[in-house]
Amino acid sequence: MPYFDAASAAPLHPVAHQALLASLDEGWADPARLYREGRRARLLLDAAREAAAEAVGCRADELVFTPSGTHAVHTAIAGVLAARRRVGRRLVRSAVEHSSVLHSADAHVAGGGSAQEVPVSSYGAVDVADFVRAVETEGTALACLQSANHEVGTLQPVEEVAHACREAGVPLLVDAAQSLGWGEVRGPWSVLTASAHKWGGPAGVGLLAVRKGVRFAAPGAVDEREAGRSPGFVNLPAVVAAAASLRAVRTEADAEAARLRALVERIRAGVREGVPDVEVVGDPVRRLPHVVTFSCLYVDGESLLHALDAEGFSVSSGSSCTSSTLTPSHVLRAMGVLSEGNVRVSLPRGAAEEDVERFLRVLPEAVAGVRGALGAPGEASGGAAAGPGSLVVDALGRRCPIPVIELAKVIGDVPVGGTVTVLADDAAARLDIPAWCGMRGQEYVGETARGRYVVRRTQ
């Protein structure tokens, strides 16, 4: 069964598997002890730290291991903000950061601080000038910018932002979880976090690098381990496996990136050719080599994921219909793109071309099946209508993509210049109705009242 969700968790790299088994025998002792077994464990830990630091591009004494990437992010944000409290209590972040950054920002605001969200383009990237203006605002203690987006793969202008942050005297935290396996993060960043299971290491290992000279006060209770920044006994076998696999994937990165990029290009083209009413999202050029995300009009994301799973394909989605929160992905929302029927394909290392081709053969039928089950319309009518000048569609209490489907069914019943008002309380409608208008060449008038969306027929 092809696994196409490496951006969530990459399959364990063979080197990680070998290192994990070997270090279970050799690395079980406390590396802080002076006896033989402790010294052996210390050598393994030091070697792992050196290897990880080399891959990150920092000094070994600037890097610590944490229980997860999320833990690293939370520790990093809290530690820098606490140390720079006299400078100010203002946090700047992009609108598409990982949820761990958003949760930390929310906690900071709840504790009396402030946070500014910098918007992104429809491709999901920040504008450097916009981000720098936010950073230069008085009282800014920390800026956060991911190296690459987790959902759509868009690369951020980290190097340019890092130089600007240094000029402004504001430390920059980079969440490098998605990109670190493909290469070093360039630029004078101040703090960096990453997660081993994103590059093929074992779950439960995060990296936290804090450059010398960056003020940092570890939050909560501390101990003598990991420079006082990540208390508790380190999971040494997992750490050794994480570092070994990071070194291995870096060795393979250039060749594998070129191979996967070609497969992703094939998916991007094949999806557009094979599936009507689809929007491929994210930057087509400045992106991770293995990620492609697209949204299908008139499709329930959860049903589509089940249909693809039945065909043997494991993919993920940012649609609200696949989420317990009932709200669309904050990334898709910030980009202002279609959220319904969203699919993220993230190819693991070694993904086979024949699996990609079979996916492109299966996808159109899967989408058509979901659309048929939902009663989605066919080709939009282009004829003149003799009906009323305005209609109201009541889609209250109905989830994506039903409000858009109902809109599409009746838009041909009003004359050109007439309007359709859609009543919808699904948060996804705020994204999907304007997106439908753009795809269909109709005019989105706006949300005239909460949950009341007006569309004017223009053709």
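Values below: every heavy atom of this structure, side chains too, minus hydrogens, waters and symmetry copies. Sequence positions, counted from 1, serve as the residue numbers for this chain. All values reported here derive from a predicted model rather than from experimental measurement.
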> Without hydrogens or angle criteria, can the side chains of His330 and Glu117 be said to hold a donor-acceptor pair below 3.5 Å?
Replying inline: no
>> Any carboxylate oxygen within less than 4.0 angstrom of a Lys/Arg side-chain nitrogen, looking at Glu159 and Arg186?
In response: no
>> Closer than 4.0 angstrom, basic N to acidic O: yes or no for Glu62 and Lys212?
In response: no
> Can the positive tip of Arg287 be found less than 6.0 Å from the middle of the six-membered ring of Trp182, inside 45° of the ring normal?
Replying inline: no
> Are side-chain N/O atoms of Glu97 and Ser94 paired as donor and acceptor at under 3.5 Å?
Replying inline: yes
> So, for Val126 and Gln156, which heavy atoms are closest and what is the spacing to 0.1 Å?
Replying inline: N-OE1, 3.0 Å
>> I'd like to know if Glu226 pairs up with Arg49 as an ion pair, taking the criterion as any Lys NZ or Arg NE/NH1/NH2 lying under 4.0 Å from an Asp or Glu carboxylate oxygen.
In response: yes
> What are the two closest non-hydrogen atoms of Ala141 and Val80, and how far apart are they?
Replying inline: O-CG1, 4.1 Å
> Ion pair present between Arg229 and Asp223, side-chain N to carboxylate O less than 4.0 angstrom?
Replying inline: no
>> Within the structure provided, determine whether Leu155 and Ser147 are in side-chain contact (heavy-atom separation under 4.5 Å).
In response: no
>> Checking side-chain polar atoms at under 3.5 Å, does Ser339 have a donor or acceptor matched by the opposite partner on Asn342?
In response: no
>> Test side chain to side chain contact (heavy atoms under 4.5 Å, CB included) on Leu431 and Leu338; report intermediate values, then the result.
In response: CA-CA 6 Å; Leu431 285 180; Leu338 183 69; over 6 Å; no
> Is there a side-chain contact between Val205 and Phe65 (heavy atoms, below 4.5 Å)?
Replying inline: yes
> Should Leu263 and Ile267 count as side-chain neighbours, where that means a heavy-atom distance under 4.5 Å?
Replying inline: no
> Are side-chain N/O atoms of Asn149 and His98 paired as donor and acceptor at under 3.5 Å?
Replying inline: no
>> I'd like to know if the side chain of Thr70 pairs up with that of Ser100 as donor and acceptor (distance under 3.5 Å, no hydrogens or angles considered).
In response: no
> So, Thr293 versus Arg344: side-chain donor-acceptor pair below 3.5 Å or not?
Replying inline: no
> Charged N to carboxylate O under 4.0 angstrom, Arg286 versus Asp283?
Replying inline: no
> Which atom names give the shortest non-hydrogen contact between Trp199 and Gly181, and what distance separates them?
Replying inline: CB-CA, 4.0 Å
> If you measure from the Lys or Arg side-chain nitrogens to the Asp or Glu carboxylate oxygens, is any gap between Arg349 and Glu256 under 4.0 Å?
Replying inline: no
> Taking the side chain as C-beta and beyond, is there a heavy-atom pair between Val92 and Leu142 under 4.5 Å?
Replying inline: no
>> I need the minimum non-hydrogen distance between Val185 and Ser179, along with the two atoms involved.
In response: CG2-OG, 4.1 Å
>> How close do Ala248 and Val15 get, counting heavy atoms only, and between which atoms?
In response: CB-CG2, 3.8 Å
> Hey, are the side chains of Cys165 and Val161 touching, using non-hydrogen atoms and a 4.5 Å cut-off?
Replying inline: yes
> Does some side-chain heavy atom of Val101 sit less than 4.5 Å from a side-chain heavy atom of Ile77?
Replying inline: yes
>> With rounding to the nearest 0.5 angstrom, report the OG to CZ distance, Ser190 to Arg215.
In response: 13.0 Å
>> Does the plane of the ring in Phe313 sit parallel, tilted or perpendicular to the ring in Phe359? Use 30° and 60° as the thresholds.
In response: perpendicular
> Quick one: do the Tyr444 and Trp436 side chains pair a donor with an acceptor below 3.5 Å?
Replying inline: no
>> So that I can tick it off, tell me whether Arg440 and Asp277 are bridged by a salt bridge, with the cut-off set at under 4.0 angstrom between side-chain N and carboxylate O.
In response: yes
> With Val343, which of Val299, Val278, Val315, Val292 fulfils side chain to side chain contact (heavy atoms under 4.5 Å, CB included)?
Replying inline: Val315
> Shortest non-hydrogen contact from Glu151 to Ser329?
Replying inline: OE1-OG, 2.6 Å
> Does the distance from a Lys or Arg side-chain N to an Asp or Glu carboxylate O, for Asp30 and Arg42, drop under 4.0 Å?
Replying inline: no
> Does the side chain of Arg452 come within less than 4.5 Å of Val422's, by heavy atoms?
Replying inline: no
> Which of these, Val393, Thr421, Ile433, sits in a side chain to side chain contact (heavy atoms under 4.5 Å, CB included) with Val455?
Replying inline: Ile433
> Ion pair present between Glu184 and Arg250, side-chain N to carboxylate O less than 4.0 angstrom?
Replying inline: no
>> Taking the cut-offs as 6.0 angstrom to the six-membered ring centre and 45 degrees off its axis, would you call Arg430 and Tyr453 a cation-pi pair?
In response: no
> Can you check whether Arg399 reaches Asp300 side chain to side chain, under 4.5 Å on heavy atoms?
Replying inline: no
